[in-house]
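First the structure, in the form of structure tokens, and then the observations on it.
Source: prediction; values computed, not measured. In what follows, every chain begins at residue 1, and chains take the letters A, B, ... in the order their sequences are listed.
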Amino acid sequence: MSIQALLELRNISKSFSGNKVIKNISFSVLPGEVHVLLGENGAGKSTLIKMMTGAYTIDEGEMYWNSKPVKFSGPADAMEYGIATVYQELNLIPELTVCENIFLGRELKKGARLLDRTKMRERAKNYLKRLGQNIDPDKKISELGVGQQQLVEIAKAFTVDAKLIIMDEPTASLSETETEQLLQTVDELIRQGISIVYISHKINELMEIGDRITILRDGAKVDTLDVKETSQDELIELMVGRALDEKYPKRPSLSMKQEGLRIENLKLKNSQSIISFSAYQGEILGISGLVGAGRTEMARAIFGADEKNSGDVYVFGKKVNIKKPKDAIAAGFAFITEDRKGEGLFLDQSLAFNINIASMKNYKKGMMLSNRELLQSAGAYIKALRVNPQRKEEHARNLSGGNQQKIVIAKWLATKAKIFIFDEPTRGIDVGAKVEVYRLINQLVQEGAVVMIISSELPELMGMCDRILVMNEGTITADLKKEEANQEIIMKAATGGK
Amino acid sequence: MANVAFDENQEIVKEKKTVKAFLNKFGSLIGLILLCLILAILNRDFLSLNNIMNIARQSSINALLAIGMLLPILTAGIDLSIGSILALSIMCMGIAVVNMGLNPIAGLIICVGTGALCGWVNGILLTKLRLPHPFISTLGMMNIARGLALIITAAAPIAGFPMAVQFLGSSFAGPIPVSFILVVIIYILFHLFLTRTATGKYIYAIGGNRDAAHLSGINVDRVLILVYTLSGLMSGLAGLVLVGRVNSAFPLAGLDYELDAIAAVIIGGASFFGGVGTVWGTMVGTLIIAVLRNGLNLMNITSDLQKTIIGIVIIAAVFVDVLRQRASKKQ
Amino acid sequence: MKKRLSLSLIFLILLGVVLTGCSNNDANVEAKSKPTIVVVLKTLSSQYWKFVEAGAKKAGEDHNANVIILGPSSEGSILDQVNLVEDSLTKKPDAMVVSPSQPPTLIPVFKKAKKMGVPILLVDTDADWDDKTSFLGTDNVTAGRQAGNLLAQKLKPGDKVVLIDGALGNTATDARSKGAKEALEKQHIKVVAEQPADSDKAEAEAVMSNILQVHPDINGVYCANDDMAIGAARAIQAHHLKVPIIGTDGTIEAVNSILKGDLAGTIAQKPYDMGYRGVVNALRAAGGKSVKKRIDTGVAVISKENAKKELSFLQKILGQ
């Protein structure tokens, strides 16, 4: 290659307790390029970047910075060279200001001790301006949206005079507009000559901003491609290791159309808007809308997780009174939350525990539970859903996102639920596992369940759903059949435009 | 509905029983056994039947308190009030039985009932008044109960309990103290409760992830109230044993006992973050503390130094746990 | 990893035990022929009990006995004390000297000792148990009476005084107050207020301040222990009064206060003698000789005249 690489890794390997997790990977970042790392969960992306940032040491192979060999013994070393990292989980302190966060640990001083506040504020403003942003440095982090917080995180990179910024799924929890803004910022950084290593699962996003893409699978490099010379399908195939027949698997259309769920005049707490709709057996009902439109709030209110002002819920024509999740479960509801780790799983408990927890009472034998039956049933679900690893005693923490999601679904299968509300069912799940989740959802529909999917990914809704409700400011602004839905119409309804 | 087809004759995948898993499970037990061995070598009286029964007796009060404490800790909470509740329970019983001459059986019920009632109030304060953390509600109760115990008897001890009241704390079945038999029965019941009932599993669930527990249809408030009620009830029961052992009730009884109970639970491998801990571990934790105290007493080690040593043991035991977890997470 | 750590943990404990326990163990071995007396006090962590400890230790040296002195970490650790006595019995001592924190709590263990044939001598605080070998301690009513007389000497009939008591239900301090009151009233001195301050310095300061709001014209104060006397003195000074204050116990701090003139005097108990005579009589009992059932260890009146001497004596005991 004619251009000299900024950072180059040659034949890098890394093992954990005898397991080789990175196998002989070579990889380079050119000045001013966006180099995308793509791979399923567990492919080795995180380990690889942790070696670039000095968080892990390298077992075998060499690393070069501007053609000179370097060795990092800790993150501080990497920062020294100008490598900054922006993680998916934000490392910001909510009660401190933007400025204080940007300079946290690297405060500017005048004299020996005193903080130079004016200088820090000025520089913070300057950094944010370089990102094309107009955020007040005196605002507290807690007053900003997630998107702006992400930008503050990037601004921190300037304090170490970063030449290379590594971004680990920066858009995972951002809305579409916020994502758009972040991508613009990336462009801006490139224009200033900074190189970027970018990790994301959102392939369309990668295609938009990436220059080159390196695909990893099972700890080894599959290939490095020029973005202009590849296609989404090719990338997925390389990443998964096989051609995905379809991104959104088809299911035979069903004739049954009985109304399974009817919501009448639902008013959320602190809201005056009224929500009414019905969902039917045999169809998947999608719920679209921008972040903050009230989709999750609506689902939680129906499920009894949060209080509601008023409103009636009918399940297969019968009115049910739901005050607590317990009532909803008794009525046949299942709620697969958007925050799998925070609200869905017991990470330090076994898979069996996680699967059984909502249906525990069904396994009573006299006063005691039958632990044998509990284990048997859990084992059956693990097998049926092809959870990997197939070990009932494994802790949920050790599973990949996709497998964790299967466990959450198994929990609701165990309660014999009839109405499934999926909130962002494939968030943080890699492409291969996504298809498996979609297949499971299809299977549910075929067996007569009522299924609703809340999602921020329009392609997912349009690929999977028969009907899409669009929400804006706590109410439903459109009810579209699959045939009549397109991106434009949905976005219009979602933003309240007519 | 929504049944996914299973292969009913699936083979149950067997766990590999590694040395590591064994150590994880029995690490603290091995510690206890080593400790006993060393003390036996250093002191010839340690292994005498008389002394072993002393340990059984001396550990029983903390054992009962610790098993009560295990429940709040499993839910990621804490109960600081158990020592004070113990005092209030036995003073109430003293007034009822000695001062008012009530039937001793009624006294037993009053003692355990007072404990349970105080615990229930703890639960209500936490769940219905939505106090931010049980540290606060039980810290309040700790002071309230201690204050009441002093007030209702004008700080005077009460002695002269009938035999029926003293039975649990002072009697022996052959060489075995009745209090220790009580401990064994209670521990078996708690083990069954925590591992074989839905409510028991809910306790782990709440400690592991309260939001997820709520969304899984668990009535979190109800379970928490039960947890604190049981913890208070165990204080009352421990009080009964104490009264039998020292032949009197005094309002300063149980001072700082919550700390020993917490130490036993933590040494026994429970996590302060909730969701992790076993009845078995708590038993071992209690015994480690009791054996250590007894052994140090036998060797005439002063109480100040005993405190220091026990402090080191607590920190070391938890540190071992931290290292183990770190090691298992790295894999 | 865990195994290695468990081992190192145990090793750590062992190290502590061996390092500190060695001397004691050696004593055990060489003392086979010597009689062993175990002394269990309310605690070893306050000065008063250090005096008792010093006396008991000296008695052991003087009479060639192996004396083991133990105590829980505070007077409130009641069950710890019961366990200590119980564990000590395992070692089958020839006799025990005990100062019970809550007398009734120890009776079941005392009964066990009786069954094992171990004589029990009580010091400082008595217990309602007929089979004890002896009780050695201050007669608190006498101590109070002496204090009352000392205060009366500094006053004239018709003067007003305040009594500050220990915690409600504390038999020792109650007896002192009772004795003091008797003596004062005999001399026609009026007790205008009597309130408990839980034997605590800060509490006494607050109680005294409150009383001074109502009775700014008092002529003297008696406190049932020295800590309270020192607290009360602080309140009196804050109100710019100069009246005689008498305490009881004879702590180093109190004796120093007498030298400074803050206190007019104190009735010193003789904790050193309690420890010494406790062990001596325990040895007698162990040897099968008879011991008096009640031994009054006496009191001493300390005032400005003899304070200096007392101070040097106390400091010598503590080896300062």
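- Looking at B/His214, its side chain never comes within 3.5 Å of a backbone N or O of A/Pro325 through a donor-acceptor pair.
- The contact between A/Thr337 and chain B is made entirely by side chain atoms (from C-beta outward), counting heavy-atom distances below 4.5 Å.
- Of the atoms belonging to B/Phe193, not a single heavy atom falls under 4.5 Å from chain A.
- Within the 3.5 Å criterion, the main-chain N or O of B/Gly275 finds a donor-acceptor partner in the side chain of A/Gln349.
- Between A/Glu343 and B/Asn209 the shortest heavy-atom distance is N-ND2, 3.9 Å.
- Between A/Phe353 and B/Ala205, the shortest heavy-atom distance links the atoms CZ-N, 3.7 Å.
- Looking at B/Ile218, the atoms closer than 4.5 Å to chain A (heavy atoms on both sides) all sit in the side chain, from C-beta outward.
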*Test B/Leu192 against A/Met368 for side-chain contact (heavy atoms from CB on, under 4.5 Å), laying out the working first.*
CA-CA 8 Å; B/Leu192 290 175; A/Met368 300 286 165; 3.8 Å; yes
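- For the atom pair CH2 of A/Trp412 and CG of B/Leu215, the computed distance is 7.0 Å after rounding to the nearest 0.5 Å.
- For chain B, no part of A/Leu347 is nearby; none of its heavy atoms comes within less than 4.5 Å.
- Of the listed residues A/Asp327, A/Ile329, A/Asn356, the one with more heavy-atom pairs under 4.5 angstrom with chain B than any other is A/Ile329.
- Annotation for A/His395: atom NE2 counts as buried by contact number, over 12 foreign heavy atoms lying within 6.0 Å.
- No more than 12 heavy-atom neighbours from other residues, nucleotides or ligands sit within 6.0 angstrom of CD on A/Glu307.
- Shown here is A/Asp218, whose CG atom has no more than 12 heavy atoms of other residues, nucleotides or ligands within 6.0 Å.
- Closest of all the heavy-atom pairs between A/Ile357 and B/Lys201 is CD1-O, 4.1 Å.
- In terms of heavy atoms, A/Lys361 sits closest to B/Ala198 at CE-CB, 4.0 Å.
- The two residues B/Tyr202 and A/Met360 make their nearest non-hydrogen contact at OH-CB, 3.8 Å.
- For the atom pair A/Phe335 CZ and B/Ser216 OG, the distance stands at 11.5 Å (nearest 0.5 Å).
- Contacts of A/Tyr363 with chain B are absent, with no heavy-atom separation under 4.5 Å from either backbone or side chain.
- Counting only heavy atoms from C-beta outward, the side chains of B/Asn219 and A/Lys324 approach each other to under 4.5 Å.
- A/Lys364 has its side chain out of reach of B/Thr197: every pair of non-hydrogen atoms, C-beta onward, lies at least 4.5 Å apart.
- Proximity to chain B (any heavy atom under 4.5 Å) is restricted, for A/Lys411, to the side chain, taken from C-beta onward.
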